[in-house]
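Proteins come first, then strands; the chains are lettered A, B, ... in the order of their sequence lines, and each starts at number 1.
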Amino acid sequence: MRRRVVITGMGAITPLGHSVAELYRQQIEGRSGVGRITHFDARTFPTQIAAEVRDFDLARFLGQDAARFEDVGANCRFALAAARQALEDAGVLDSDVNRRRFGVYLGTGEGQQDFFAFISLIGRCYNPQTQTVDTRRFTELALQELHPGREREQEPHTTVGHLAEYFQLEGPNYNCLTACAASSQAIGEAVELIRRGEAALVLSGGSHSMIHPFGVTGFCLLTALSTRNDEPTKASRPFDALRDGFVLGEGAGMVVLEELEHAKRRKAHIYAEITGYGISADAFRITDSHPEGRGAIACMADALRDARLKPQDIGYINAHGTSTQVNDRVETLAIKKVFGDYAYQVPISSSKSMLGHLIAAAGVVELITCVMCLQHGVLPPTINYEHPDPECDLDYIPNVAREKRVEHVLSNSFGFGGQNVSLVVSRFRD
Amino acid sequence: MKPRVVITGIGLLTPLGLRHETVWQYLQAGKSGVRRIQAFDPSALPTQFAGEITDFDAKDFVDRKDRKALKVMSRPIQLAVCATNVALQDAGIDPSQLDPTRLGVIFGAGLIASELEELGPAARLCTNGQPYFVDLEKWGRDGLAAMPPLWMLKYLPNLLACHVSILHNAQGPNNSITQGDVASLLALGEAWRILQRGLADVMLTGGGDSRLNPLSMSRLCLFAPLSRRNDAPEEACRPFDRERDGLVPGEGAAVLVLETLEHAQRRGARVYGEVVGFASAFDRQRTGEVLAEVIGQALQQAGITPEAIDHINAHGYSTPREDIWEAAGLVRVFGRNNTRVPVFAAKSYWGNLGAAGSVAELAISLLSWQQGVLPPTRNYRQPDPDCPVYVLAGRWHEPHKDFCLKVALGERGHCAAAVIRRCRQEN
């Protein structure tokens, strides 16, 4: 018998509120978190909208300790707050659980490059005639102008380090960065660590913000973002025929994963059980997903196999549903391939229609949404679904939440570059 | 029964050479890969040397049809892609003959610095010579148009493993661990677990990293405890030595081919070693206590006691503080100055290869079993009473026991340990 892994705590900082309850309530109400970008002046960018986390104050979560994290970036701030919620929710913040058996596995994005310092440096050192940079001058100025603490915090492993240090978690410690699949992959591998017995508990999830000049520049250049600047709340419209790209979001989600017997012994509240995890790679192109959904099919099928479930057992799919032409078409195709005729009966929705795309943190926030669906029996809608697309002809729970009691749900995350992850989360039954 | 997992191929691109035959020749000659930086003018930096690869041309390593893709790869990606090709060749594997859904890639990767020239035209347009000033309005309007469309994809850390999966049609599990210097050993641990779960027959693991560019080196000089021994770069990296003064940056890639023993036997593969133990943790207080537990767990999984270890392949930062931490962990397991289990630190030859480092270092132990000798640690002259470990120096060691312990650390407290068993021909 393999060890069973349950969720005993959750936390979230998202564009739809700073708690799991808010995140779920606003999705059920069909609210959009998208608006004009305020983090920087984006007025002339092709895309000027995003789903930002608003009114966030780390001190509300850490009190005076927030001052310790002066140099850290948005990723780490969101992660600290969400982690504290999850640990407190699970009752393990200051408890006597063995810290050596308590690991951390996150999918947290790289830090934000100091755009103004860095670009102003290059501007002074670049010679347009020779198309070269005076590297001696660059290094000389960089040493004077870059901020050592903030530069250090850009390394992608700093957030997991801070969390382990601050919350005293001494078990296995990992960070993976597989673009939009990262936090789902982190949760899947964390489950495997517990199944193997390498940890009794793992704090898992992810955190990311790319709503900064470099992030928006990068995605604009790839023409991946919606440019519906005049109607921000209408911009993210997964599966709708007039979808024109995804909308950047930001935030963090954290879950406490725990070995079932351990959770029972300490009489923890059990939200749900993670029963299935599937992974695959498209191995196709760095810019596009495989046109027939090869990797998406493989990972959904693997997750079902791992959960020992049939497609008909799945009561709801929280889609990757990015609102790009290609993703939504290919994901629909892949769901049909895996679920057969039942694909037309299973309700599907995209949280990204409301939250935007939280990139590395997207998967965990969507998984938390799935857990809340199991708990409350109400499925969030896909908002902005107005114009049917003949190639996307499934039941996407258009615009209005739906009451339905579900036993098992599937959450998809497909990363830029071709990494695919599916997770199955189930109502806990002893 | 979990499947047994063996290592059947090595791809190693390091400052000591781009083939493991070359690396071995240089090791034998006692050469160092650390020298004054040639990639750019380092004279304004407090640390002006590194373990640099100076003769690398990715075109030498990839098929003609794949060369176009090199344009959208930054240096760490190119290094990892090329090391993969070397490893597959070394393993005698033609990926097109494998089941693509049972071939996976788990790499370690680090932060990749944007090439300055690519941002030059846009930066020039939107700045006015003042520090910290960028005209964002202009950047959005004109700056974007002056940048390469695929700019961002050149620098995402997961693209090392993605490019490799595309080039070799590896549709199995694919992950990128971004965990500083421990990254590639953690990747090896995860690849091992995946093979034991039965999800793949063959996994490519390791990583690639390079900090030898003006931005990364400036950043490291600002926050990392670098050596400043500019007058004698070759002697700068001296793990556990009393005169050590900081770490030495480097660049490189290392890829290992891991496969199930059954798969390896079926194709009659040469086997370098078997992965028999792996554990990782976070040594929050850096006292060595948690590190010792991690080593203990890895030994326990291998079913051996510390005496069975032939040598310890150490992390060996060469920083005053971290070496004391590592030594404390080793002493808890092996005792003080245990001369029967010598310590080897590969960084003394080529510096810190970042996310690629721990697997590149492990490769030297694997090769030592093939060659029958393990090189000494370079630059170890004066023992440090605060690091009471027996560092092998000045003479070669003949491996006579069948297990090697690899330790990897991250400066915040990350630690991992792997135990590899030698596979003699008769096995």
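Using a cut-off of 4.0 Å between Lys/Arg side-chain N and Asp/Glu carboxylate O, A/Glu153 and B/Arg219 are scored as not salt-bridged. Between B/Arg284 and A/Glu170 there is a salt bridge, since at least one side-chain N of the basic residue sits less than 4.0 Å from a carboxylate O of the acidic one. With respect to B/Glu190 and A/Arg196, no salt bridge is recorded, no charged nitrogen being found less than 4.0 Å from a carboxylate O. Between B/Arg412 and A/Glu155 there is no salt bridge, since none of the side-chain N atoms of the basic residue sits less than 4.0 Å from a carboxylate O of the acidic one. Using a 4.0 Å cut-off between charged nitrogen and carboxylate oxygen, A/Arg101 and B/Glu293 do not count as a salt-bridge pair.
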Passes side chain to side chain contact (heavy atoms under 4.5 Å, CB included), B/Leu116 versus A/Tyr126? Steps please. CA-CA 8 Å; B/Leu116 306 179; A/Tyr126 182 71; over 6 Å; no
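The shortest non-hydrogen separation linking A/Leu221 to B/Pro148 is CD1-O, 3.7 Å. Residue A/Ala142 comes nearest to B/Leu222 through the heavy atom pair O-CD1, 3.9 Å, listed as atom of the first residue, atom of the second, then distance. Residues B/Pro149 and A/Leu222 approach most closely at O-CD2, 3.7 Å, considering heavy atoms. Between B/Cys162 and A/Gly417, the closest heavy-atom pair is SG-O, 3.3 Å. When every heavy atom of A/Val133 is checked against every heavy atom of B/Glu117, the shortest pair comes out as N-OE2, 3.7 Å. Shown here for A/Leu177 and B/Asn158, the closest heavy-atom pair between the two residues is O-CB, 3.1 Å.
A/Arg43 forms no cation-pi arrangement with B/Trp139, by the criterion of a distance under 6.0 Å to the ring centre and an angle within 45° of the ring axis.
Counting heavy-atom pairs under 4.5 Å between each of B/Gln301, B/Glu411, B/Met217 and chain A puts B/Glu411 at the top. For the set B/Ser43, B/Ala170, B/Pro157, the count of heavy-atom pairs under 4.5 angstrom toward chain A peaks at B/Ser43.
Side-chain contact between B/Phe282 and A/Glu165: present, with at least one pair of heavy atoms (C-beta onward) separated by less than 4.5 Å. Taking 4.5 Å as the limit, some side-chain heavy atom of B/Gln179 sits within range of a side-chain heavy atom of A/Val160.
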